[in-house]
Amino acid sequence: MKLLEIEGLGIDFGGVKAVDAVSFAVTEGEIVSVIGPNGAGKTTLFNMISGVYLPARGSVRLAGETVTGLPPQALAARGLSRTFQNLQVFQQMSVLDNVMAGFHLSEGRHILSDILALPSSLRRNRETEDAARKLLARVGLERGAELIASQLSYGALKRLEIARALACKPRLLLLDEPAAGCNAVETEEIDHLIAAVAKEGVAILLVEHDMKLVMKISDHIVVLDHGVKITEGKPEVVARDPKVIEAYLGAHGGKEAANALG
Amino acid sequence: MKNLSPKTITLLALVALVLVAPLFFPSSFYYRVGTLMFINGLAVTGLVILIGYAGQISLGHAGFCGIGAYACALAPVHLGLPPVVAMLLGALISGVLAYLVGRPILRLKGHYLAVATLGFGILIFMVLSNESWLTGGPDGMQVEDLGLRDLLKSLGLSVPAAQVWYWFSGLVLLLGALLALNLHTSSTGRALRALHDSEIAARTVGVDVAYFKLMAFVISAVYASVSGSLLAMMNKFVTPDIAGFLHSVQMVTMTVLGGAGSVFGAITGASILTALPQALTVFHDYEHIVLGLIMMLVMIFLREGLVPSLIKRFSRRQG
Ligand SMILES: Nc1ncnc2c1ncn2[C@@H]1O[C@H](COP(=O)(O)OP(=O)(O)OP(=O)(O)O)[C@@H](O)[C@H]1O
Ligand SMILES: [Mg+2]
């Protein structure tokens, strides 16, 4: 079944079409990558899908329901979760609290029992903590649980965001450059993590500049350039597409493209 | 020390403070100073929830102190309510008003929010000053005492009024601190602290940012209201100044001086700024200037406030 369907999505910034007429779909359990040179509109596309930006044109459907223009918290409740290219970690909170905050929706609202620290509130807290520690172990951060998030390295923060996004128990996970700034070992770990998450049936929409990673794990690749989709298909097909190579050579990513695609 | 939670440590420190401080009081006058510290500490604990947890500012919270104070002044006379019930009524009115006012106001951010809350505080102050038929205007009005001392007397305990107030306000502060600390480590507290650090990420994990900001505003308003009620009943007198801009600024300064993020820090800030004017009459004459100066110095040198900055410096030296 199609989990995410976007149709003719577009948005303008100051009269410039940052993204225009982009359509594609993501099936359950699939890993779909969106690639394209810097400034192609990948993050902007993510922002529209996740409700951060209101699209000027087009529609977004999640599990058959039209969700265009719904705010992020409403999309989170429908199983859409994401990470950010420019880290949006809760910097002053502990690493553990960051992930626990990700369980917000499953915990529900209980302000009065929280203030009074009723047994139900304490029990909820314990359950959330256990689940959060498991997720931290999964991304290899269990030993830093009590640190303040701002003390972590960049690569660790990237993984922390993934753990927090997984805490929302997503059906669709949007990852915006999860391996950026990570060394080869960390990139390898993220690669395994994404594959494992996908195996559990979570659909993944990935933006990533590391072409080796993209080519290896994607079921399907969408290529953007100057805000429009120039092609879409299986990794091996996209890699040989002259339009894709030209987009990369025409932009700044020439060497990167030659290395990765060629 | 290691396996005690920060919450337990804070509470133990507060209990110790309340119990031990009287041993050092040179005269019974200091019971009054201590009471003032606790009452201010209570309002400031509420602001920790708003400013420290949720990262929202209010320069109008004295308005809620005013509502709490005048509820205790008016309800016993006009409605025949006992002072304690009047205090609860004031807290209810403050909470409901905060809910109604907070909805539109909390959409604003930063300076705009500061100015809007400032306007709210001034509005309450003006009403209290101008409606003299009800409030006695700028001259103020009498307030009935809480009646705790009489209650103790009827039980055969004769305790000086200043001491009754000291222990009672100490107890209320402890309760207020306990609730604020409960909140900190709960799901609701995490939502508040999350939206403080990144609204967009908080929304992404499903936090209804507008709702939780509003709840922080309402809760802190109730704290301010109870603090105002206690202040009025202790003084047995109230003037509109309790809702004035200076009082709002005092409270915010206390909060950031000690450290908005920590309940203990903020209560320390409240204690320092309450004791200082009592100790130095110079301070009293130049209160505006000194407050402004402290605020500037804290913002420049101790961004996180006195207590968190000191803890950091201390633990760095140890590690
Ligand atoms: N909020 C905004 N206001 C104005 N212009 C924007 C805004 N967000 C993005 N843009 C512009 O839209 C275009 C697409 O940007 P976007 O960040 O989506 O690119 P990207 O594909 O994610 O690039 P990168 O690989 O560098 O992350 C760029 O020209 C950018 O300057
Ligand atoms: Mg981007």
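Chain A is the first sequence line, chain B the second, and so forth, proteins listed ahead of strands; every chain is numbered from 1.
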Can a donor-acceptor pair be found between the side chains of A:S113 and A:S121 at a distance below 3.5 Å?
no

Should the pair A:R164 and A:F90 be classed as cation-pi, given the thresholds of under 6.0 Å to the six-membered ring centre and 45° from the axis?
yes

What verdict does the salt bridge (Lys or Arg N to Asp or Glu O under 4.0 Å) test give for A:R133 and A:E146, after you've listed the backbone C-alpha separation in whole Å, the side-chain angles of each residue and the deciding distance to 0.1 Å?
CA-CA 11 Å; A:R133 284 192 192 277; A:E146 324 298 333; 2.9 Å; yes

So for A:P71, is it side chain, backbone, both, or neither that comes closer than 4.5 Å to the heavy atoms of chain B?
both

Among A:I115, A:L105, A:N125, who wins on heavy-atom pairs under 4.5 Å with chain B?
A:I115

Which atoms of B:L181 come close to chain A, meaning under 4.5 Å heavy atom to heavy atom: side chain ones, backbone ones, both, or neither?
neither

When only pairs under 4.5 Å are counted, which of A:A117, A:S50, A:G51, A:G102 shares the most heavy-atom pairs with chain B?
A:A117

Can you measure from CG (A:L205) to CG (A:L174) and round to the nearest 0.5 angstrom?
4.5 Å

Greatest number of non-hydrogen atom pairs under 4.5 angstrom with chain A, of B:A180, B:A202, B:G261, falls to B:A202

Name the region of A:R82, side chain, backbone, both or neither, that has any atom closer than 4.5 Å to a heavy atom of chain B.
both

Counting only non-hydrogen atoms closer than 4.5 Å, does B:H184 touch chain A with its backbone (N, CA, C, O), its side chain (CB onward), both, or neither?
neither

Report the option among A:L80, A:L116, A:T83, A:T128 that has the most heavy-atom pairs separated by less than 4.5 Å from atoms of chain B.
A:L116

In terms of ring plane angle, is the pair B:F212 and A:H104 parallel, tilted or perpendicular, where the classes change at 30° and 60°?
perpendicular

Could you go through A:L87 and A:K158, starting from their C-alpha distance and side-chain angles, then the distance that decides it, and tell me whether this counts as side chain to side chain contact (heavy atoms under 4.5 Å, CB included)?
CA-CA 7 Å; A:L87 293 171; A:K158 283 269 169 198; 4.2 Å; yes

Does any backbone or side-chain atom of A:E107 lie under 4.5 Å from a heavy atom of chain B? Answer side chain, backbone, both or neither.
side chain

Search all heavy atoms of A:N98 against all heavy atoms of A:A149 and return the closest pair with its distance.
ND2-CB, 3.5 Å

Counting only non-hydrogen atoms closer than 4.5 Å, can you tell me which residues of residues 37-58 of chain B sit against chain A?
none

Distance flag, aromatic centroids of A:Y53 and A:F13, threshold under 6.0 Å
yes

Backbone N or O of A:A156 within a donor-acceptor pair of the A:S153 side chain at under 3.5 Å?
yes

Donor-acceptor pair, side chain of A:K42 and main chain of A:G36, under 3.5 angstrom
yes

